[in-house]
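Here the structure is laid out as structure tokens; the discussion comes afterwards.
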Amino acid sequence: MKHVLTAAAMALMTASAAQAADEVKLQLKWVTQAQFAGYYVALDKGFYSDEDLDVTILPGGPDIAPTQVIAGGGADVTVEWMPAALAAREKGLPLVNIAQPFKSSGMMLTCWKDTGIAEPSDLADRTLGVWFFGNEFPFMSWMGKLGISTEGKGAEGVEVLKQGFNVDPLLQRQADCISTMTYNEYWQVIDAGVTEDELVTFKYEDQGVATLEDGLYVIEENLSDPEFVNKMERFVRASMKGWKYAEENPDEAAEIVLDNDASGAQTETHQKRMMGEIAKLTSGSNGALDPADYQRTVDTLLTGGSDPVITKTPEGAWTHAITDAALN
């Protein structure tokens, strides 16, 4: 009888320990796809539960603004691009970057080669597809740097076409170039039957106007709560473990993403290819923000011509406190 009680007591202890896992809600920037593989891998492989965390991953989508979700208390931490985060911060939403799993930018402009576009100076007098909702900031900064107006077509200006999250404007020849990510839309163009030889691409990274993407952001005041800080240290440590596992096992990571795709919209071919490209962007990051990358992002955003993304150098927009504790 004594053994039964002991077993029951142990079961009770185990149950209460399981209940005690700290809840974390993570808001993604976009739908479930390999862009966020590290988090799904950390969940699937038990890296979060190893850190006594109960993590809920909230997919994004065309109708979801991550900054609004976290502002309203719907998430503890969000994946966001730094331009949108810094713009939000300047407008009064005190977001702070606590980790930076992505080292490089995947953003580029993809153009038809037969339009005669061979270098950035050839972009003037063209129609260019650009994403908005905060994703236009690097583009505007780039045009400002080139001295090209975004007010309309002309010898020194371009027509900006508000691009949906698809590649139709290029395929239907409504635009000479469109915004694409190395890991996603570019391959949608290729899958539509276009050959790589028919295209010219300009990576923001190569143009010196790349801004940091897919960082982890929290609300500043939460960082004064020791319990929240401790929770984020564990979350970042487990997440980076997930990212490095995904880099080393891209096909398995893609399969884990597919298992988590409730929409059923993603295909194995696309996700495996995406994961291969994503691994190039996370490679070289241990999760800690590189101050030089941050400074380049800020400098790019401040030089947006007459309409800069941010008007002054941000203060307190990032911290190494979490990654110093999580990774060392």
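Values below: all heavy atoms of this structure, side chains included; hydrogens, waters and symmetry mates excluded.
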For this session: In sequence, state the C-alpha distance, the side-chain angles, and the governing distance for F137 and W81, and then conclude on ring-ring contact (aromatic ring centres under 6.0 Å, His included).
Result: CA-CA 10 Å; F137 300 143; W81 288 4; 10.0 Å; no
Exercise. So, the side chain of R296 versus the backbone of G208: is there a donor-acceptor pair under 3.5 Å, distance only?
Worked result: no
Exercise. Counting heavy atoms not belonging to Q68, are there more than 12 under 6.0 Å from its CD?
Worked result: no
Exercise. Should the heavy atoms of other residues, nucleotides or ligands under 6.0 Å from NZ of K272 be counted, would the total exceed 12?
Worked result: yes
Exercise. Below 4.5 Å, heavy atoms only, C-beta onward: do L53 and F47 meet side chain to side chain?
Worked result: no
Exercise. Counting N and O atoms only, with roles assigned by atom type, does the side chain of K113 sit under 3.5 Å from a partner on the main chain of D197, one being a donor and the other an acceptor?
Worked result: yes
For this session: Could you pull out all residues at least two apart from Y39 that satisfy ring-ring contact (aromatic ring centres under 6.0 Å, His included)?
Result: W243
For this session: Return the orientation label for the Y183 and F102 ring planes: parallel under 30°, perpendicular over 60°, tilted otherwise.
Result: perpendicular
Problem set entry | Sidechain-backbone polar pair: Q33 side chain, L258 backbone, donor-acceptor under 3.5 Å | no
For this session: May I ask you to check whether E205 and S104 show a side-chain donor-acceptor distance below 3.5 Å?
Result: no
Problem set entry | Pairs where residues 67-86 contributes a residue and the test salt bridge (Lys or Arg N to Asp or Glu O under 4.0 Å) is met, not counting sequence neighbours | K29-E80
For this session: Determine yes or no for a side-chain-to-main-chain donor-acceptor pair under 3.5 angstrom, with R173 supplying the side chain and P169 the backbone.
Result: no
Exercise. Are a donor atom and an acceptor atom from the side chains of D176 and W112 found within less than 3.5 Å of each other?
Worked result: no
